[in-house]
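Remarks on the structure that follows.
Naming convention: chains lettered A, B, ... in sequence-line order (proteins, then strands); numbering from 1 in each chain. Bear in mind the structure is a predicted one, so any value in this text is a computation, not a measurement.
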Protein chains: 2
Amino acid sequence: MKGIRQLAEQLNISIGTVSRALNGKPDVNQETRRRVLAAAEELGYVANQSGRSLRQGETKVIGLMIESSMEAVENADNFFLGVTSGLQSVFACHKLDLIMLPCPSDEDPHEYLKRMVARRIVDAMIISNTQRFDRRIDLLSRAKIPFVAVGRSLSPGNFPWIDLDFEGVAERAVDRLVARGHRRIAITAPSSDVNLGHVFLESYRRALARHGIAFDPSLVIRVKSSEQGGYQAAHELLLLEERPTAVILIYELMAIGLYRRLMESGVMPGRDLAVIGFRDAPRARFLNPSLSCFRMSLYDLGVALGQTLLAHVPAYRAFYPEGGRNIVWPLELVPGESDAFEIATAKRSSSG
Amino acid sequence: MKGIRQLAEQLNISIGTVSRALNGKPDVNQETRRRVLAAAEELGYVANQSGRSLRQGETKVIGLMIESSMEAVENADNFFLGVTSGLQSVFACHKLDLIMLPCPSDEDPHEYLKRMVARRIVDAMIISNTQRFDRRIDLLSRAKIPFVAVGRSLSPGNFPWIDLDFEGVAERAVDRLVARGHRRIAITAPSSDVNLGHVFLESYRRALARHGIAFDPSLVIRVKSSEQGGYQAAHELLLLEERPTAVILIYELMAIGLYRRLMESGVMPGRDLAVIGFRDAPRARFLNPSLSCFRMSLYDLGVALGQTLLAHVPAYRAFYPEGGRNIVWPLELVPGESDAFEIATAKRSSSG
DNA sequence: ACGCACTCCGTAAACGTTTACGACTGTAGG
DNA sequence: CCTACAGTCGTAAACGTTTACGGAGTGCGT
């Protein structure tokens, strides 16, 4: 099957009519439409996307940019696949297709995005891993490509985003730990160019202040959000003169390294040190003691991302009157064994 | 920047010359080319992909089809992201781009692929999750779209594939366990429409036979390759009259459920029951006792996939004279604690 | 008989590129 | 001076669609 012309020829109809029939335009006879659809089905005809999008200036494809560096692979695990499902359930309503655009690890994400945008291979984009100052946001705004970012940014100008509620996570983690009698609570944070780390840390400080606990900079451990980072974090914690009784991890993968280093020194997580993590409860269950952690439904997040995005695409805006608002995505705590103990303090009588 | 026409106009050159200059065609003056490239860079001009691919009938894009069903998400973890890196390192040499095509969970993979192929959005495809009889292979062969499959299939006709060496895994697992004195070795297998399971099981039988151990069908546990499947597998194992002393898991994620069920009954993995798994050592380290498992470099696998694919694309065949061969990809064993004990048997003196 | 509205369909022009072809130089060889 | 040729470049035709426009036919009211 070469193209619409062969199909028209076969049916003794003009290509214009065939096109109209296939695209559901009103001015075509019922019977003619039936014949066209039948023939198309039989011959397996599907419109060539290049021709179509050349003509109408849109591709009906939404791009999800992801990073495929080794480090990103380690960390992302099933995050993107998870949101993909949700995204597709939204896009399917509008016959939009989703493709994932993996930025090569040796290419600058900004350059990569520029290339993809300029080639006009997608109508809209979802970007993630937002940096504190992210030039991609400028790029997309300037090019007038609708987009939504997962993660806020400090780049100037308003733009659509959905961000995970790190503030809530840090606050609730601190609250939970303080309620169990902890006063010295350590926290891990990534390098500060990722906006996430900044927000996370700020609300940790606020929560401490709320409980009248002084902020101790030595309890902020700056390591990579990886297994190795967790190992190193534990190492640094053990070196502190006055050891913390609890630690908040920004990423649950770190727990594996953390546990290992702790056990090497005979410190038992869940008994000698409380641990709370973030993201992906399934993986948290691999651990022993199981990790208390904050998680979310990736599917639901995908749905929200899709709706927010389409609310900013002129052609679909009408379908999502409420969808334009930025969302701080709530996380739910899945309690595990890693912080299931209480500390006896001066202010608080032991409950065990 | 609208298009090549504006660029030509700006330079007082015909669009033909501009196109030739940008595409490195020989018949264009050095100075002219310099000017064109400079102007394109400055104005941020990049050729519209639709126009280009419409004209030349190729898109310079390779598609990697993945499945985004919830189950697939659970299982795939970072497999695709991992191979993506390797693929891109190959494709980058030829200025080819890779996109991932996630098949929606509610769409038939065959139909989805048909749509994507017919739209001519990609020049070649990588498919995975090959079924024992997979219509996608017919489809791609018939449409003359170059492709490579990760996983063999029994579909008729030769086609390029790379398969993981499940035969070797099953054999070496059995060998290793037998060497430690095990005689009753259970194995898990997925439903039989996935070709993988069939191959896996066959070589398990062969390996047993080689050691003179009778095949016992009750030791083949057919469960889903998931955490829940692992739980159920353990449950079934515990019900057997004559309990096995070892079990081979086809997917390491099952280990978490297996461990849990075992411990509920006071059976200690790594002491009372040997466990060997497959795929993804990082995750295996989450477990306690750590899981012995067979793993591979996803990056290297990606490179091999890329080369095999391009060896079957006419335009690039010349670069990969050796690349046409199908590969049975070897796995390496990463020993853990889960099978680090020996069994005293009649034929074998205890070594502890 | 005429005009009008309505339904259906064909025609042809776009969309942005690439590329075959030929035209125009200037130069060298006869 | 004529021819051949290499180096440049412009022209225009494709590629496969969609869609604005208009035409043909029909039915209906006047």
Side-chain angles (χ1 to χ4, degrees), chain A residues 1-37 39-40 43-61 95 115-123 143 315, chain B residues 1-37 39-40 43-61 95 115-123 143 315:
Chain A
M1 176 51 34
K2 298 289 173 40
I4 201 173
R5 228 172 299 258
Q6 326 293 318
L7 190 55
E9 193 161 296
Q10 180 119 355
L11 291 164
N12 269 346
I13 307 185
S14 79
I15 62 171
T17 304
V18 173
S19 174
R20 277 190 297 268
L22 291 172
N23 293 25
K25 292 297 162 68
D27 52 350
V28 44
N29 188 307
Q30 278 296 333
E31 170 61 11
T32 311
R33 166 164 293 142
R34 201 196 49 71
R35 282 176 55 216
V36 171
L37 290 177
L43 300 181
Y45 169 81
V46 178
N48 177 313
Q49 187 61 29
S50 299
R52 164 178 289 180
S53 45
L54 178 57
R55 168 62 216 229
Q56 24 189 49
E58 60 176 12
T59 63
K60 298 277 183 188
V61 174
K95 293 188 178 301
R115 249 177 60 219
M116 290 302 151
V117 163
R119 283 168 58 155
R120 320 224 145 242
I121 208 179
V122 296
D123 290 342
Chain B
M1 175 48 37
K2 298 291 172 38
I4 200 174
R5 227 171 300 256
Q6 326 294 319
L7 189 56
E9 193 162 296
Q10 180 119 356
L11 291 165
N12 269 345
I13 308 185
S14 80
I15 63 171
T17 304
V18 173
S19 173
R20 279 190 295 268
L22 290 173
N23 293 25
K25 291 298 162 65
D27 52 349
V28 44
N29 189 308
Q30 278 296 333
E31 171 61 11
T32 312
R33 166 165 293 142
R34 200 195 50 69
R35 281 177 55 217
V36 171
L37 290 177
L43 301 182
Y45 169 80
V46 177
N48 177 312
Q49 187 61 27
S50 299
R52 166 177 288 178
S53 44
L54 178 57
R55 168 63 214 231
Q56 25 190 47
E58 61 174 15
T59 63
K60 298 277 184 190
V61 174
K95 295 189 179 301
R115 250 176 59 219
M116 290 303 151
V117 162
R119 283 169 59 155
R120 320 225 145 240
I121 208 178
V122 297
D123 291 341

Open item on the list: I'd like to know whether A/R20 forms a side-chain contact (heavy atoms from CB on, under 4.5 Å) with A/D27, so could you lay out the CA-CA distance, the side-chain angles of the two residues, the decisive distance to 0.1 Å, and finally the verdict.
Closed with: CA-CA 8 Å; A/R20 277 190 297 268; A/D27 52 350; 3.3 Å; yes
Task: side-chain contact (heavy atoms from CB on, under 4.5 Å) between B/Q10 and B/L43, worked out - done: CA-CA 10 Å; B/Q10 180 119 356; B/L43 301 182; 4.2 Å; yes
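Between the CZ atom of A/R119 and the P atom of C/dT17 there is a distance of 13 Å, given to the nearest Å. Following rounding to the nearest Å, B/Q30 (CD) and D/dC9 (P) show an atom-to-atom distance of 11 Å. Atom CG of B/N29 and atom C1' of C/dC24 are 15 Å apart (whole Å). Atoms CG (B/L7) and C1' (C/dT18) sit 15 Å apart, rounded to a whole Å. Rounded to whole Å, the distance from CZ on B/R5 to C1' on C/dT17 is 9 Å. Distance, A/Q56 CD to D/dG16 C1': 12 Å, rounded to whole Å. Whole-Å rounding puts the A/Q49 CD to D/dT18 C1' distance at 12 Å. Here the P atom of nucleotide C/dG16 and the CZ atom of B/R20 are 20 Å apart, to the nearest Å.
Proximity of A/N23 to the phosphate of D/dT18: a side-chain N or O atom is located under 4.0 Å from OP1 or OP2. Applying the 4.0 Å criterion to OP1 and OP2 of D/dG16, one finds that A/Y45 has every side-chain N and O outside that range. Of the side-chain N and O atoms in A/R52, one or more sit less than 4.0 angstrom from OP1 or OP2 of D/dT18. An OP1 or OP2 oxygen of D/dT11 is reached within less than 4.0 angstrom by no side-chain nitrogen or oxygen of B/S14. Dashed line: the shortest gap from a side-chain N or O of B/T17 to OP1 or OP2 of D/dG10 is under 4.0 Å. A/K25 has no side-chain polar atom (N or O) that falls below the 4.0 Å cut-off from OP1 or OP2 of D/dT18.
Within 4.0 Å of A/N48, counting heavy atoms only, lie sugar-phosphate atoms of the nucleic acid but no base atom. At the heavy-atom level, A/S50 lies nowhere under 4.0 Å from the strands shown. Among the heavy atoms of the strands lying under 4.0 Å from B/D27 is at least one base atom, whether or not backbone atoms are also near. Contacts of A/G16 with the nucleic acid, taken as non-hydrogen atoms under 4.0 Å apart, include base atoms. Counting non-hydrogen atoms under 4.0 angstrom, A/T32 reaches the backbone sugars and phosphates but no base.
Between the side chain of B/R35 and the backbone N or O of B/L11 there is at least one donor-acceptor pair closer than 3.5 Å. A side-chain donor-acceptor contact under 3.5 Å links A/R33 to the backbone of A/K25.
Counting heavy atoms from C-beta on, the side chains of A/V36 and A/L22 come closer than 4.5 Å.
The number of heavy atoms from other shown groups lying within 6.0 Å of CD (A/E31) is above 12.
At a cut-off of 3.5 angstrom, counting only N and O atoms as typed in the model, there is no donor on one side facing an acceptor on the other between the side-chain of A/R55 and the base of D/dT17.
Closest to the side chain of B/S19, out of C/dT18, D/dT17, D/dC15, is C/dT18. Here the side chain of B/I15 is nearest to one of C/dT18, D/dG16, C/dG10, namely C/dT18.
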